[in-house]
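Every value quoted in this text rests on a predicted model; they were computed, and no experiment measured them.
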Amino acid sequence: LLLLVYVGYLGLGAGVLQALERPAEVQAAQDLLQQHWELLANHTCLRGAALKQLIEGIIQAYKGGITLQGNTTNLGRWDFSGSFFFSISAVTTIGYGNLSPSTVAGRIFCILFALIGIPLNLVLLNEIGQLMLLGVQHCARRLEEVFPWQKKASLLIKTCALVTGLLLFLLLPPLLFSDKEGWSYEEGFYYSFITLSTIGFGDYVIGMNPDRTYPGWYKNVISLWILFGMAWLALVIKFCINFLE
């Protein structure tokens, strides 16, 4: 029965997503094809095969973090801050997919690094989550000692902890992303949840716009936000699991 509910839920998600996203995909494909033919028609010196090769080269370069800026190229995804952020995305299993090692040595090191880093990250998240939980329980006990309505006091503390977590990890960060990345609030909120839940689609990633200048503290603060936000969201998901079970 549980397996049927699970498959049915996935089927429901697939049907809704197909209805919402398929028309936009078809329209984007038509627009791209039209732009392709208009470019070839307006610039007869271009050949289809050569243009295709150039486009493929640009796509591969972009995946490696190299972008064109006038007559120069922009590097920076593999500087220390970029590499540190990649390390965070690897050990937390977020895996945005927008950046990956391209050398054999880098790929081998990434495997070994993640093999040790993922368990280490899980242990750390568990400890942070337990500390958060102990803090909430301690506050609840103190209130229960002061007020006679024990159940109401405990519920009040847990509600405050949930609301505080929502503010710190989901509702306020999109304002920072709007300022630094130029995203809308909805895009920032979407990125926050997709990141902290470790889904990590990679369609939105911070610090990757070559036209923007980011402060040195930006990625470091976001790394801490990811660490503590994942621990908080893990507690919320654990509560949901207990409720479903």
Side-chain angles (χ1 to χ4, degrees), residues 28 32 48-129 169 173 176-177 180-183 187-188 190-234 237:
L32 179 62
L51 179 60
K52 182 181 178 181
Q53 185 177 3
L54 175 62
I55 293 173
E56 290 176 351
I58 292 173
I59 292 173
Q60 291 300 319
Y62 181 77
K63 287 181 178 179
I66 303 170
T67 56
L68 287 173
Q69 288 185 315
N71 294 324
T72 62
T73 54
N74 177 66
L75 302 173
R77 291 193 180 183
W78 284 115
D79 58 9
F80 184 80
S81 63
S83 300
F84 185 84
F85 192 73
F86 172 80
S87 299
I88 285 284
S89 68
V91 299
T92 56
T93 70
I94 295 173
Y96 289 114
N98 69 309
L99 187 62
S100 58
S102 59
T103 63
V104 175
R107 289 168 180 167
I108 293 174
F109 174 77
C110 188
I111 293 172
L112 298 175
F113 180 75
L115 196 61
I116 299 172
I118 291 173
L120 179 62
N121 178 74
L122 291 174
V123 170
L124 178 61
L125 288 181
N126 183 61
E127 290 296 322
I128 293 175
F169 302 120
L176 176 64
F177 301 140
K180 300 301 179 185
E181 305 290 342
W183 299 341
E187 290 172 323
Y190 166 79
Y191 167 79
S192 299
F193 181 80
I194 293 300
T195 294
L196 298 184
S197 61
T198 73
I199 296 172
F201 289 124
D203 48 351
Y204 289 91
V205 184
I206 59 116
M208 295 299 173
N209 190 341
D211 298 325
R212 287 183 172 268
T213 302
Y214 300 100
W217 53 264
Y218 183 51
K219 286 187 177 180
N220 296 328
V221 169
I222 298 303
S223 297
L224 289 175
W225 166 75
I226 289 174
L227 191 62
F228 286 92
M230 283 180 60
W232 172 79
L233 191 59
I237 292 175

For the student: nearest non-hydrogen atoms of [X] and [Y], plus distance:
X: I206; Y: K219; result: CD1-CG, 3.8 Å
X: N121; Y: M230; result: ND2-CE, 4.4 Å
X: P101; Y: C110; result: CG-CB, 4.1 Å
X: S192; Y: F177; result: OG-CE1, 3.5 Å
X: T198; Y: T92; result: CG2-O, 3.5 Å
X: I128; Y: A231; result: CG2-CB, 3.6 Å

Exercise for review: Please report the C-alpha distance between L227 and L124 in whole Å, then the side-chain angles of each, then the deciding distance to 0.1 Å, and finally whether the side chain to side chain contact (heavy atoms under 4.5 Å, CB included) criterion is met.
Suggested key: CA-CA 9 Å; L227 191 62; L124 178 61; 3.8 Å; yes

Check your understanding: By ring-ring contact (aromatic ring centres under 6.0 Å, His included), which residues pair with W232, not counting sequence neighbours?
Key -> F169

Could you grab the distance from atom [atom1] of [X] to atom [atom2] of [Y], nearest 0.5 Å is fine?
X: F84; Y: S89; atom1: CZ; atom2: OG; result: 11.0 Å
X: I94; Y: L196; atom1: CD1; atom2: CG; result: 7.0 Å
X: L120; Y: L125; atom1: CG; atom2: CG; result: 9.5 Å
X: D203; Y: E187; atom1: CG; atom2: CD; result: 9.5 Å
X: R212; Y: E181; atom1: CZ; atom2: CD; result: 7.0 Å

Practice item. Quick one: do W225 and L176 satisfy side chain to side chain contact (heavy atoms under 4.5 Å, CB included)? Show the steps, please. Key: CA-CA 12 Å; W225 166 75; L176 176 64; over 6 Å; no

Exercise for review: Kindly assign one of parallel, tilted or perpendicular to the pair Y204 and W183, based on the angle between their ring planes and the thresholds 30° and 60°.
Suggested key: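 Rings of Y204 and W183: perpendicular, as their planes differ by over 60°.
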
Exercise for review: Keeping the roles fixed (side chain from Y214, backbone from N209), state whether a donor-acceptor pair exists under 3.5 Å.
Suggested key: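 Side chain of Y214 to backbone of N209: a pair is present.
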
**Study point:** Working for side chain to side chain contact (heavy atoms under 4.5 Å, CB included), residues F85 and I226
**Key:** CA-CA 10 Å; F85 192 73; I226 289 174; 3.9 Å; yes

Exercise for review: Tell me yes or no: between the side chains of T195 and Y96, is some donor less than 3.5 Å from an acceptor?
Suggested key: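 Side chains of T195 and Y96: pair found under 3.5 Å.
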
